[in-house]
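In what follows, a single structure is set out as structure tokens and then discussed.
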Number of protein chains: 2
Amino acid sequence: MDIRKYKSRDKVLVAVDCIIFGFDGKQINVLLIKRGFEPEQGKWSLMGGFVGKNENVDDAAARVLKQLTGLADIYMEQLYCFGKADRDLAGRVVSIAYSAFINSADYSEQISTDHEARWFPLSKTPSLIFDHKQMLDKAKKALREKVANHPIGFELLPFKFTLRQLQNLYEAIYETKLDKRNFTKKILSIKVLKKLKEKEKETSRKGSFYYVFDRAHYRKLEHEGIKFV
Amino acid sequence: MDIRKYKSRDKVLVAVDCIIFGFDGKQINVLLIKRGFEPEQGKWSLMGGFVGKNENVDDAAARVLKQLTGLADIYMEQLYCFGKADRDLAGRVVSIAYSAFINSADYSEQISTDHEARWFPLSKTPSLIFDHKQMLDKAKKALREKVANHPIGFELLPFKFTLRQLQNLYEAIYETKLDKRNFTKKILSIKVLKKLKEKEKETSRKGSFYYVFDRAHYRKLEHEGIKFV
DNA sequence: CCAAAAGTGTTTCTATTACACCCATGT
DNA sequence: ACATGGGTGTAATAGAAACACTTTTGG
């Protein structure tokens, strides 16, 4: 029984599409780009491109992101493979979607000046080509599920951040309000935040202390299954 | 800026590989097949095959499973896309892995007589071709994460089952012992099991009541985020 | 009557929720 | 002096964990 044969099998185009989430201190944004070629030229789309014959799919995602936005050394995670036969109007393309989390403040000038990419608040995304809306929806759902048990919240924040900023982030992700005291208590009880002596003085007279995520200490606790929310 | 062009892009083979988990009342098993063609002919492998030019990737997975095992109408879920350039010895193949959960008792004769597929206990899997071990490991991890919040445990059990069988299943998945009283209390508190009048009499003199999973009622509660373990 | 598995409650502890006031500071 | 956001504690409740004996019945 020879179900698989390599010769004479159909080859198809394989693409990657990147969903980049950013947080600006207030809301979650997603990075979109004006598509520069047909079909659907001029419409908004995720950052996408084709995988080369001898290129790892993961590497293709990083390369495409770099080419289209200038972003490099971003940790991206595979989200899902979108494989409907008719998903791309121009022919058979299987697309592997990747998502990443960055803090938009650190990167936004670099992106919008050099490239045709733009941040959109999640609540105000334009209509997207092909099945990109579906990809985005899936990524949003995965973000919610992931952020509860993994420290990716910290990817979305600047290196140092206040507890208020962290709380704003969780509130944005879950579209809910949290109690400040309970939130502080819980997040500090995990013991993966280090309080700095320095204060942030922009948003209040009193100023609020900066914290940093203690990656090293987190690694030690990781296997115990930490719940962040 | 024309990063993507459809013509002149590299096309590659796209495959699917299926990880089928089964539970026999005692342990978790995985279905493997003796590979029938080169390279690596005669070695153990997951059920795999190529995606056709006009075939949805999901459909390809179902077709391949049917062809290699006879199993049809099994709910499979996409696990991950394995995209390393050198993962297949015979050439560039991007593989999308799928996994499914069935109760091995219901299917085992059908499978092993008609086809070259065999059940292996998770603890005694032979060495596998290519990156199939990695696929299996990822599937095991996903099973653990998924089973806590989704009612897939019931896919692995026969239609009617005893609380002991259900507990055995969770114990097998998490490789741990659970307290019978606490387990019973918790699982019944979810209110998705219906107790039958009938008793299972094989494993004890006293006999233990059968239960069935109440799918309809589960659908109603689904959105509230049930925790099964 | 005995071996083997089924069935069943209570207590302790831990985690989550609800809730309100004082503090520090720049203007 | 006051407006603004920062920082903090306690009590009530719910959920998880620890723990052991009685019941049934085929042989």
Side-chain angles (χ1 to χ4, degrees), chain A residues 24-27 147-149 157-158 160-212 221 224-229, chain B residues 24-27 144 147-149 153 157-158 160-212 221 224-229:
Chain A
D24 58 15
K26 278 279 189 176
Q27 57 190 349
V147 84
N149 304 304
L157 290 167
K160 57 188 183 184
F161 50 85
T162 65
L163 291 181
R164 162 60 58 183
Q165 288 171 321
L166 184 59
Q167 185 179 339
N168 284 346
L169 171 63
Y170 282 110
E171 290 181 343
I173 291 173
Y174 291 110
E175 294 174 350
T176 182
K177 286 286 162 198
L178 300 172
D179 180 89
K180 190 171 40 156
R181 284 166 293 185
N182 291 339
F183 179 79
T184 307
K185 208 190 313 171
K186 169 135 192 198
I187 204 79
L188 292 179
S189 76
I190 304 174
K191 301 252 170 54
V192 294
L193 294 187
K194 270 200 307 219
K195 190 178 193 170
L196 303 184
K197 298 216 173 82
E198 189 186 357
K199 276 186 164 185
E200 187 270 350
K201 307 279 289 175
E202 305 286 306
T203 48
S204 74
R205 323 268 173 160
K206 189 178 177 181
S208 59
F209 285 103
Y210 278 119
Y211 288 77
V212 294
L221 305 173
E224 299 171 22
I226 295 174
K227 286 235 181 304
F228 288 88
V229 191
Chain B
D24 59 15
K26 276 282 189 176
Q27 57 190 348
R144 289 215 176 101
V147 85
N149 303 304
L157 290 167
K160 57 188 183 186
F161 50 85
T162 65
L163 291 180
R164 162 60 58 184
Q165 288 171 320
L166 185 59
Q167 185 178 339
N168 283 346
L169 172 62
Y170 282 111
E171 290 182 343
I173 292 173
Y174 290 111
E175 292 175 352
T176 182
K177 288 285 163 201
L178 300 173
D179 179 89
K180 191 170 39 151
R181 286 167 290 186
N182 290 339
F183 179 78
T184 307
K185 208 188 317 170
K186 171 137 190 196
I187 205 78
L188 292 179
S189 75
I190 303 174
K191 302 250 170 55
V192 294
L193 294 187
K194 267 200 308 218
K195 190 179 193 169
L196 302 184
K197 298 216 172 80
E198 190 186 354
K199 274 186 165 184
E200 188 271 349
K201 306 279 290 176
E202 306 286 306
T203 50
S204 74
R205 323 270 173 155
K206 188 177 177 182
S208 59
F209 285 104
Y210 279 120
Y211 288 78
V212 295
L221 305 172
E224 298 169 23
I226 294 173
K227 287 236 181 300
F228 288 87
V229 191

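The chains referred to below are lettered A, B, ... by the order of the sequence lines, with proteins before strands, and numbering in each begins at 1.
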Checklist outcome for this item: Between CD of A:Q165 and P of D:dG5 the distance, given in whole Å, is 14 Å
Checklist outcome for this item: Contact string for nucleotides 14-22 of chain C, one letter per nucleotide 5' to 3', B = base within protein heavy-atom range under 4.0 Å, S = sugar-phosphate only, - = neither, reads --SBBBB--
Next on the checklist: Just so I know, are the side chains of B:L157 and B:Q165 near enough to count as touching, which here means a heavy-atom distance under 4.5 Å?
Outcome noted: yes
Next on the checklist: Donor-acceptor pair, distance only, cut-off 3.5 Å: does the side chain of A:K199 make one with the backbone of A:K206?
Outcome noted: yes
Item to check | Selected nucleotide, minimal atom distance to B:R205 side chain, candidates C:dA3, C:dT27, D:dG5 | outcome: C:dA3
Item to check | NZ (B:K26) with more than 12 external heavy atoms under 6.0 Å | outcome: no
Item to check | Any pair counted as salt bridge (charged side-chain N to carboxylate O under 4.0 Å, His left out), so long as it reaches residues 168-178 of chain A, sequence neighbours left out | outcome: A:R144-A:E175, A:E171-A:K177
Checklist outcome for this item: A:I187 CD1 to D:dT8 C1', in whole Å, measures 17 Å
Checklist entry - Quick one: B:F183 CZ to C:dT8 C1', roughly how many Å, whole number? => result 15 Å
Next on the checklist: I need the CG-P distance between B:L188 and C:dA6, as an integer number of Å.
Outcome noted: 14 Å
Checklist entry - Given atom CZ of A:F209 and atom P of D:dT8, what is their separation to the nearest angstrom? => result 8 Å
Next on the checklist: If we ignore hydrogens and angles and just use 3.5 Å, is the side chain of A:E198 paired with the main-chain N or O of A:Y210 as donor and acceptor?
Outcome noted: no
Item to check | d(NZ, A:K199; P, C:dG26) in whole Å | outcome: 9 Å
Checklist entry - Atom CG of A:L166 and atom P of D:dG5: how far apart are they, to the nearest Å? => result 19 Å
Checklist entry - 5'-most contact on DNA chain C: A:S204 or B:S208, nearest heavy atom basis? => result B:S208
Checklist entry - Under 4.5 Å between any side-chain heavy atoms of B:L193 and B:L166, yes or no? => result yes
Item to check | Protein-nucleotide distance (A:E202, atom CD; C:dG26, atom P), rounded to Å | outcome: 13 Å
